**Q** 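Take this structure first; my questions come after.
None of the values given here were measured: they were computed from a predicted structure. For ligands, and for the atoms within them, numbers begin at 1 and follow the listed sequence.
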Amino acid sequence: MKAIRGRLLTYRPAPVYEEDGLIVVSGGKISAVGPAQKLIPDLPPDTPIDDHSGKLILPGFIDLHIHLPQTKVIASYGAQLMEWLERYTFVEEARYADPEIAEAGAKFFLDELFRNGTTTAVVYGSVHRQSAEAFFIESAKRGAGMIAGKVMMDRNAPEALRDTARSSYDDSKALIERWHGKDRQRYAVTPRFAITSTPAQLEAAGALLAEHPGVYLQTHLSETQGEIDLSRELFPDAEDYAGIYQSFGLLGPKTLLGHCLHLTQREQARLAETNSIAVLCPTSNLFLGSGLADRATLNANRIRTGLATDVGAGTSYSMLRTAAEAYKVEQLQGRSLPAHEAFRWITRGNAEALGLEEEIGSIEVGRYADLVVLNSGATPAMAHRMERCESLEEELFALLTLGDDRAVAATYVRGNTAS
Ligand code: GUN
Ligand code: ZN
């Protein structure tokens with residue numbers, strides 16, 4: 001048993017704030033939470049207390065879309081999506097055929113997530129089974145709850161990066177059997193996008209979902225016009241891009257669709273009726289020049305939304321930076337994103353998108369003690385700005401706008417310092 005003290009902020013879904021709060025952790029989960037003054041007298045003698053007084057403690061951030069083999073692709077110059085994939089991304093992902101590279105990559109990747117306060121992520125591996133394997137091994141070692149899958153890709157990619165409908169089915173199935181539900185790991189069936197899969201492979205993805213009802217599905221949808229046009233050419237029988245995925249049984253409440261920038265009304269209706277999740281990736285969309293997500297219309301059409309970095313097209317591992325860019329994307333469309341809404345989104349909101357709100361995403365009894373400790377005055381410019389902050393909401397907004405990994409004072413996974 002241990003305890004963690006600081007300024008607690010969680011969403012239920014309204015913000016709940018405790019200026020001098022205490023989280024009691026036993027067996028990796030939160031066993032009590034409340035005012036420090038009230039809880040400390042009841043702690044068994046000698047219970048260690050990590051004292052973060054003055055700092056904010058929130059549920060660990062959740063990133064709904066990020067690519068493991070793109071840690072050395074981030075910040076690659078001058079291309080839009082399709083050229084970026086061919087010129088930089090596929091070249092780098094081919095290196096993940098080497099299990100040593102996959103293992104080193106997984107270690108760096110998890111270190112970087114934790115350094116940025118992210119405790120759960122939904123991860124694309126490379127096409128190689130060992131990339132997902134290496135990632136799950138490393139995540140399990142660290143006690144983290146991660147969701148990942150090997151990419152399925154059997155056409156329109158370099159030879160070295162192609163699997164087949166059959167091998168992608170077999171490899172994904174083996175990974176599901178080995179990892180899905182093991183400890184805190186979960187599997188996401190991961191056809192990269194319609195362009196890189198034959199109909200036979202999307203059928204295999206649908207079969208995997210039907211045979212393993214608890215697994216997730218992740219793919220990309222409607223990021224650029226060129227991608228939309230090519231997808232429709234490759235699947236002439238489908239009514240639209242989202243319809244391709246729907247016709248193979250790939251839409252549903254556990255389906256995470258990266259980007260969703262240029263959806264038609266009919267496509268939005270497909271997402272809404274299947275309870276699929278549109279995962280918005282603002283730093284990626286700005287970096288590749290793909291477009292601005294229309295969050296207001298998605299919300300109005302009752303589509304569930306999540307927020308994600310999409311590293312390596314995304315430009316930061318930080319969910320603070322990501323939410324700050326989401327704010328700017330709203331501003332470009334004449335709207336805003338209030339700070340509480342942003343912090344709710346990257347914690348509880350993304351947990352709800354995963355259907356995991358009973359496990360993660362809030363500071364409540366029974367949840368995993370996956371936490372991030374934030375210092376609103378981490379840099380001189382931040383500390384200076386904080387001198388004029390008169391409310392929690394103002395502080396949060398400045399923290400979001402100016403903060404990044406430097407604002408992360410500590411990250412906890414299961415109540416242990418994440419490492
Ligand atoms: N569409 C298909 N693959 C990718 C990828 O790796 N990154 C992004 N941003 N879009 C994609
Ligand atoms: Zn992506």
**Q** I'd like to know if Lys328 pairs up with Glu325 as an ion pair, taking the criterion as any Lys NZ or Arg NE/NH1/NH2 lying under 4.0 Å from an Asp or Glu carboxylate oxygen.
**A** yes
**Q** Would you mind checking if Arg184 and Glu359 are paired as a salt bridge, meaning a charged N to carboxylate O distance below 4.0 Å?
**A** no
**Q** Please report how many protein N/O/S atoms lie under 2.8 Å from the Zn ion (ligand 2).
**A** 4
**Q** Quick one: do Asp111 and Arg142 make a salt bridge, cutoff under 4.0 Å?
**A** yes
**Q** With distance as the sole criterion, is a donor-acceptor pair present between the side chains of Asp154 and Thr198 under 3.5 Å?
**A** yes
**Q** Determine the interplanar angle of the Tyr317 and Phe108 rings, folded into 0 to 90°, and report it as parallel if under 30°, tilted if 30 to 60°, perpendicular if over 60°.
**A** perpendicular
**Q** So does Arg335 pair up with Asp294, basic N to acidic O under 4.0 Å?
**A** yes
**Q** Would you please classify the geometry between the His220 ring and the Phe193 ring as parallel, tilted or perpendicular, with 30° and 60° separating the classes?
**A** perpendicular
**Q** Write out the protein residues near ligand 1, meaning a non-hydrogen atom under 4.0 Å from one of its atoms, in order of chain and number.
**A** His67, Gln70, Leu81, Trp84, Leu85, Arg192, Phe193, His220, Glu223, His259, Ser284, Asp310, Ala313
**Q** Between Arg344 and Glu352, does any NZ, NE, NH1 or NH2 come within less than 4.0 Å of an OD or OE carboxylate oxygen?
**A** no
**Q** Are Thr190 and Gln218 linked by a side-chain donor-acceptor pair shorter than 3.5 Å?
**A** yes
